[in-house]
Undergrad: 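Take a look at the following structure, please.
By convention in this document, chain letters (A, B, ...) are assigned in the order of the sequence lines, proteins followed by strands, and residues within each chain are numbered from 1. Just so it is clear, the structure is predicted and the values come from calculations on it, not from any experiment.
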Protein chains: 2
Amino acid sequence: MTLIKNTKPTEGELEILQVLWDRQSATVRDVHEELLKLKDSGYTTTLKLMQIMFEKGLVTRDSTNKTHIYQPNVSKEKTQNLFLNKMINTLFSGSSAQLVMQALGNHKTSKEELDEIRNYLNSI
Amino acid sequence: MTLIKNTKPTEGELEILQVLWDRQSATVRDVHEELLKLKDSGYTTTLKLMQIMFEKGLVTRDSTNKTHIYQPNVSKEKTQNLFLNKMINTLFSGSSAQLVMQALGNHKTSKEELDEIRNYLNSI
DNA sequence: ATTTACATACGAAATATATCGTATTATGAC
DNA sequence: GTCATAATACGATATATTTCGTATGTAAAT
């Protein structure tokens, strides 16, 4: 498969990326054990997914040793924006403000977080 | 199929729901014509999707006449929250504030919208 | 050297989703 | 009534994604 960037990761791929973003790098077993905390699945399932992600260019890996070591090859920020923009367009009529207010309104947000946002707003 | 609420709509289903939310109610042809502005696809594709959505309970329909009239059966707000929460959890470590700031930072947001958000923040 | 423990590779099945062709039916025009 | 038009129903195929079994390789322990 050709290395195509800006490809939207699937659900399963996102779960794996989460782990890689947290740890910087990890083996298939590392990732798999982390995923087991969330859901049941076989080891080879995780392996296969990570192999596919490698082919897609979503991750890199060091295969000098028997046990490969994987790293994310797309940034968390870029990926967040990819999904945010998609969502803003398909569910919020293209208005980020609408999304923001909806997000603030329905998820309990702490005073500290709200202050943080105010500061951020003023800095723009 | 059993009517299961709180089911996460698929991509295609979201596109259709968008149209229904805008218009309150619409025929398959109405929806299809709207979708054609976005992408190519056959009429029966749209039809089939809407039939499936009906079975899932995502939409209702009035079938007294030959041409059925469809209505959304899930609210836009509920659906927005479904996706927002999912996204906050899987991509923003559970922090809505993080999502909000990321959304404000990368999508161009107008002065007016920013003011609107400030007002909203103060009203909490 | 053989066994054991893990690792990768890879094909195939299972599942979810999207797409479309065709048969059938209803409606209105003639 | 017949024909043309347009709608639904439904099965089949296509595509994407996930899951797993099995073969195989490698390294360490015995």
Undergrad: Less than 4.0 angstrom between a side-chain N/O of R61(B) and OP1 or OP2 of dA7(D), yes or no?
TA: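 No, outside the criterion.
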Undergrad: To the nearest 0.5 Å, what is the distance between CG (L91(B)) and CD (E77(A))?
TA: 10.5 Å
Undergrad: Can you measure M50(B) atom CE to dA9(D) atom C1' for me and round it to whole angstrom units?
TA: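 In whole Å, dA9(D) C1' and M50(B) CE are 15 Å from each other.
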Undergrad: For dA16(C), does either OP1 or OP2 sit under 4.0 Å from a side-chain N or O belonging to K56(B)?
TA: no
Undergrad: Of all the nucleotides listed (dC10(D), dT18(D), dA7(C)), which has the minimum atom distance to the side chain of Q51(B)?
TA: dC10(D)
Undergrad: For the pair made of CG in L58(B) and P in dA18(C), what is the distance, rounded to whole Å?
TA: 12 Å
Undergrad: Go through it in stages, so that I can follow the logic: the residues are E34(A) and R29(A), the test is salt bridge (charged side-chain N to carboxylate O under 4.0 Å, His left out), and I'd like the CA-CA distance, side-chain angles, deciding distance and then a yes or no.
TA: CA-CA 8 Å; E34(A) 207 55 47; R29(A) 182 145 308 271; over 6 Å; no
Undergrad: Once you round to the nearest 0.5 Å, how far does NZ of K78(B) lie from CZ of F83(B)?
TA: 15.0 Å
Undergrad: So does T10(A) get a side-chain nitrogen or oxygen closer than 4.0 Å to the phosphate oxygens (OP1/OP2) of dT18(D)?
TA: yes
Undergrad: Check whether any side-chain N or O of Y43(A) sits under 4.0 Å from OP1 or OP2 of dT8(C), and answer yes or no.
TA: yes
Undergrad: Starting at atom CD1 of I52(B), determine the distance to atom P of dC10(D), rounded to an integer number of angstrom.
TA: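 I52(B) atom CD1 is separated from dC10(D) atom P by 12 Å.
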Undergrad: Would you say the side-chain atoms of N65(B) and T67(B) include a donor-acceptor pair closer than 3.5 Å?
TA: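 Side-chain D/A pair, N65(B) to T67(B): absent.
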Undergrad: Please state how far atom NZ in K8(B) lies from atom C1' in dT17(D), giving the value in whole angstrom units.
TA: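 Computing the K8(B):NZ to dT17(D):C1' distance gives 13 Å.
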Undergrad: Is the shortest distance from a Lys or Arg side-chain nitrogen in E13(B) or K8(B) to a carboxylate oxygen in the other one below 4.0 Å?
TA: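 No.
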Undergrad: Using whole Å, what does the distance between atom P of nucleotide dT18(D) and atom CG of L35(A) come to?
TA: 12 Å
Undergrad: Send over the distance from E15(B) CD to dT19(C) P, rounded to a whole Å.
TA: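 Answer to the nearest Å: 8 Å.
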Undergrad: Of the listed nucleotides (dT8(C), dA6(D), dT17(C)), which one gets closest to any side-chain atom of K66(B)?
TA: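 Within the option list, the nearest is dA6(D).
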Undergrad: What is the distance from NE2 of H68(B) to C1' of dA26(C), rounded to the nearest Å?
TA: 11 Å
Undergrad: Distance check: side-chain N/O of R29(B) vs OP1/OP2 of dA7(D), anything under 4.0 Å?
TA: yes
Undergrad: Between atom CG in L49(B) and atom C1' in dT8(D), what is the gap in whole Å?
TA: 15 Å
Undergrad: When the nearest nucleotide of DNA chain D is assigned to E11(A) and to V28(B) on a heavy-atom basis, which residue is associated with the more 5' position?
TA: V28(B)
Undergrad: Looking at every strand, decide which applies to S41(B) at a 4.0 Å heavy-atom threshold: base, sugar-phosphate, or nothing.
TA: sugar-phosphate
Undergrad: In terms of side-chain heavy atoms, does E113(A) have a donor or acceptor partner in S96(B) at a distance below 3.5 Å?
TA: no
Undergrad: Does T45(A) place a side-chain N or O at less than 4.0 Å from the phosphate oxygens OP1/OP2 of dT18(D)?
TA: no
Undergrad: Among dA18(C), dT22(D), dT8(D), which nucleotide has an atom closest to any side-chain atom of L47(B)?
TA: dT8(D)
Undergrad: Nearest to the side chain of T44(A) - dC20(C), dG21(D), dT17(D)?
TA: dG21(D)
Undergrad: Looking only at side-chain atoms of K48(A), point me to the closest of dT19(D), dT8(D), dC10(D).
TA: dT19(D)
